[in-house]
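Note: hydrogens, waters and symmetry copies are ignored here, and every other heavy atom, side chains too, is used. Computed from a predicted structure; not experimentally measured.
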2 protein chains.
Amino acid sequence: MKDAPRRRPRQSDIAKLAGVSQTTVSIVINGRESDTIRIPPETRRHVFEVARSLGYVVDPVARSLAGGMNRLIGVYTFESMFPMDHHDFYYPFLVGIEAAAEALGYDMLMFTSATGSDGSRSIYRDGVNRLGLADGCVLLGKETNRDDIVRLRDEGFRFALVGRRDVPGPIAYVTADYASATAQVVDHLVGLGHERIAYLTAADPSEPSADRDAGFRAAQSRHGLDTDGLVLPVRKEDGPSAEEVRRLLAAGATAFVAHESVVALRLLGLLEGMGVDVPGACSVAALSDPPHDVPGPELTCFRIPGREMGTRAVELLVRQLESEEEVEPEAVALSCTFVAGQTSGPNRKES
Amino acid sequence: MKDAPRRRPRQSDIAKLAGVSQTTVSIVINGRESDTIRIPPETRRHVFEVARSLGYVVDPVARSLAGGMNRLIGVYTFESMFPMDHHDFYYPFLVGIEAAAEALGYDMLMFTSATGSDGSRSIYRDGVNRLGLADGCVLLGKETNRDDIVRLRDEGFRFALVGRRDVPGPIAYVTADYASATAQVVDHLVGLGHERIAYLTAADPSEPSADRDAGFRAAQSRHGLDTDGLVLPVRKEDGPSAEEVRRLLAAGATAFVAHESVVALRLLGLLEGMGVDVPGACSVAALSDPPHDVPGPELTCFRIPGREMGTRAVELLVRQLESEEEVEPEAVALSCTFVAGQTSGPNRKES
DNA sequence: CCATCATGATGATGCGCATTATCGAGCTGG
DNA sequence: CCAGCTCGATAATGCGCATCATCATGATGG
């Protein structure tokens, strides 16, 4: 019926129809009344009516360019968002982000176009930073690119990270208190009488790993634990080898603490294969979320508050966006929930 | 170190440094040489050098404003997107949408703010159609609001639906070929010797249900099946009652076909409770995706190509967006994949 | 009756870029 | 010696909006 692909209406169209100026329309639309500039309710209503009748919506691009706000929160992930393998990781964060965005009246802009042909992602891929379309951005991902982050900040772009990142200078981020949670797991094991605790740390360093290491060391020295020959870096993809596990057992380990749940699961499998009863002869704990939908005994571990982290990140961001003055970027650490589980028990071996 | 949030360099900065005009910079950056407009290689190289030295990157916002499109694809769901119960439903579509958007260089704008305080959703909440922020929109949801859709179309807004909707006039949508898939399931059962097939259809009518009904009726008449007393409308939330199942069995049913997987699962439970062996004494099939992560025998059913549907919807939309002339909205139906499963077997009962 | 002030607006400008129309200089050929 | 051409580039304009400075009008008050 409509062959003329009717242009989107703009403020000037409204202005003409309403018999006012474009400026007035802009002011009304944005509720920008102030002391020096007033629009009487009647005019305002009239403008609104015309706007509705035309189906007017602000053009976010123009508004950005002119320096305005779009009530858009960007979500940028350093890896592709939905593919299955990433999904379990991102999902809780996204839930929290969506909830907060919705509650605060923002829409979510998911930046998907930044992916290069090789599958890698960079904010500045091809030199283009599309993020600016959003008022601010929540950044997440395991493989955070630090250079990108610093550059973003130096450009004055507002953002909040999910996950702590060590970069020079202040940035807003939300993390989980891995150190305390780790210490709590160790405390639990020590409380069960364990003194020789094997520690399967992450092979590749990252901030979350470092936090766990710090928590472990703190608990260790607090309890006066000796960990000689009990620390083993493990790659998440490989897990520990049977040989390594045997060596740790030979070194007197009565409990195992692994960064990754999947590593703990593999460990459980190996121990079962060796005829080592868990938690009878040996305890196992993980320093992350319990695995999803895996049969077997409930793992001793802690729950990372993913949903809350997403929510808080948005709140941090919005606070930056909505305050007039410059807000010092804030860092937040949320507590994890300890899960006692069924893979840890009292130490039966006398020391 | 930098308290003056160093402005990003712009083309005019390059121009000044390189001793050329902003126009020239734009032309060089965009490779816009033509017959009427030429920049000698030397100048071009010089401009590039200065640009690099300044760390120049195009501002996509400004470029969009000058160009027209903002390379944004909206995603609107008639229900909230991430809460767990909706998630399984939406997830495959989102995967496909993200992949397509990524491949075509668009960003995804997820409309989350459209939810009213009462939790209900409407595109035209408050009379403003935020969807206009995007160049076009993919619409999904079970509870599609037909009025909204018609209005959208009449406003000249470009969109594509995931899922068929009966509305007056042409719209672009992608659906699955439920009718054929349903017929295939029936064929499978008939091939196993079943003649009395109970049909648990959906209690609330919807297009996907109607498609299945049509497919069932087609297969039924093709095979000359008699379904007297074998058709039962079932609400997804309730499932069939034990009484109803008994009645169907008494009516001679040797096989059950249910729209919903969950209904089929409940049915399996009831039959087991009655001591009816599946698939020994009786076959069960569903007309939708196999349930996720549910232990037990694999259900005879079909797989809905959710991912592909999402992808195709984006492609349909982008075709509309990128073509110069008006494109007639197109409808696409994708095939489902039959899953033989383990809940159907030969009919042992002589008829 | 003129200075002052509050009210209700508006014109001009710029955000950073793409595009269109145009222009000057040098060169050719008649 | 100048019309006509090519080469190399540019000034101007507009995209849709926000914002700043300004302005006309009528009321107030001294």
Exercise for review: For A:Ser12 and for B:Thr36, locate the closest nucleotide of DNA chain D by heavy-atom distance; then report the residue assigned to the nucleotide nearer the 5' terminus.
Suggested key: B:Thr36
Point to revise | Salt bridge B:Asp166-B:Arg164, side-chain N to carboxylate O under 4.0 Å | key: yes
Review point. Any N or O donor-acceptor pair linking the side chain of B:Thr23 to the base of D:dA11 at under 3.5 Å?
Key: yes
Point to revise | Residues in side chain to side chain donor-acceptor pair (under 3.5 Å) contact with B:Glu315, at least two apart in sequence or another chain | key: none
**Study point:** Salt bridge flag under 4.0 Å for residues B:Arg158 and B:Glu322
**Key:** no
Exercise for review: Only one of A:Leu152, A:Val162, A:Thr77 passes side chain to side chain contact (heavy atoms under 4.5 Å, CB included) with A:Leu139; say which it is.
Suggested key: A:Leu152
Practice item. Give me the one residue out of A:Arg38, A:Glu33, A:Glu49 that meets side chain to side chain contact (heavy atoms under 4.5 Å, CB included) with A:Arg44. Key: A:Glu33
Review point. So which of B:Thr23, B:Val25, B:Thr24 actually passes side chain to side chain contact (heavy atoms under 4.5 Å, CB included) with B:Gln11?
Key: B:Val25
Check your understanding: Just how large is the angle between the end axes of the helix from C:dC1-D:dG30 to C:dG30-D:dC1, five pairs per end, to 10 degrees?
Key -> 70°
Review point. Between B:Arg32 (CZ) and D:dG8 (C1'), how many Å, whole number?
Key: 19 Å
Check your understanding: Should A:Val314 and A:Val138 count as side-chain neighbours, where that means a heavy-atom distance under 4.5 Å?
Key -> yes
Check your understanding: Starting at the 5' end of DNA chain C, which residue's closest nucleotide do you reach first, A:Val20 or A:Arg38?
Key -> A:Arg38
Check your understanding: Between atom CD1 in B:Ile27 and atom P in D:dA9, what is the gap in whole Å?
Key -> 10 Å
Point to revise | Atom-pair distance (CD1 on A:Ile37; P on D:dC20), nearest Å | key: 10 Å
**Study point:** chain A contact limits on DNA chain C, taken 5' to 3' with a cut-off of 4.0 angstrom to heavy atoms
**Key:** C:dT7 to C:dG16
Review point. Under 4.0 angstrom, heavy atoms only, what part of the nucleic acid is B:Ile29 near: base, sugar-phosphate, or nothing?
Key: nothing
Check your understanding: Backbone N or O of A:Arg71 within a donor-acceptor pair of the A:Asp135 side chain at under 3.5 Å?
Key -> yes
Check your understanding: Taking CD from A:Glu33 and C1' from D:dA18, how many angstroms apart are they, rounded to a whole number?
Key -> 14 Å
Exercise for review: Measure from CZ on A:Arg63 to P on D:dT19 and round the result to the nearest Å.
Suggested key: 9 Å
**Study point:** Contact under 4.0 Å: B:Thr24 side-chain N or O vs D:dT10 OP1/OP2
**Key:** yes
Check your understanding: Going from CZ on A:Arg307 to CZ on A:Phe93, what distance comes out if it is rounded to the nearest 0.5 angstrom?
Key -> 13.0 Å
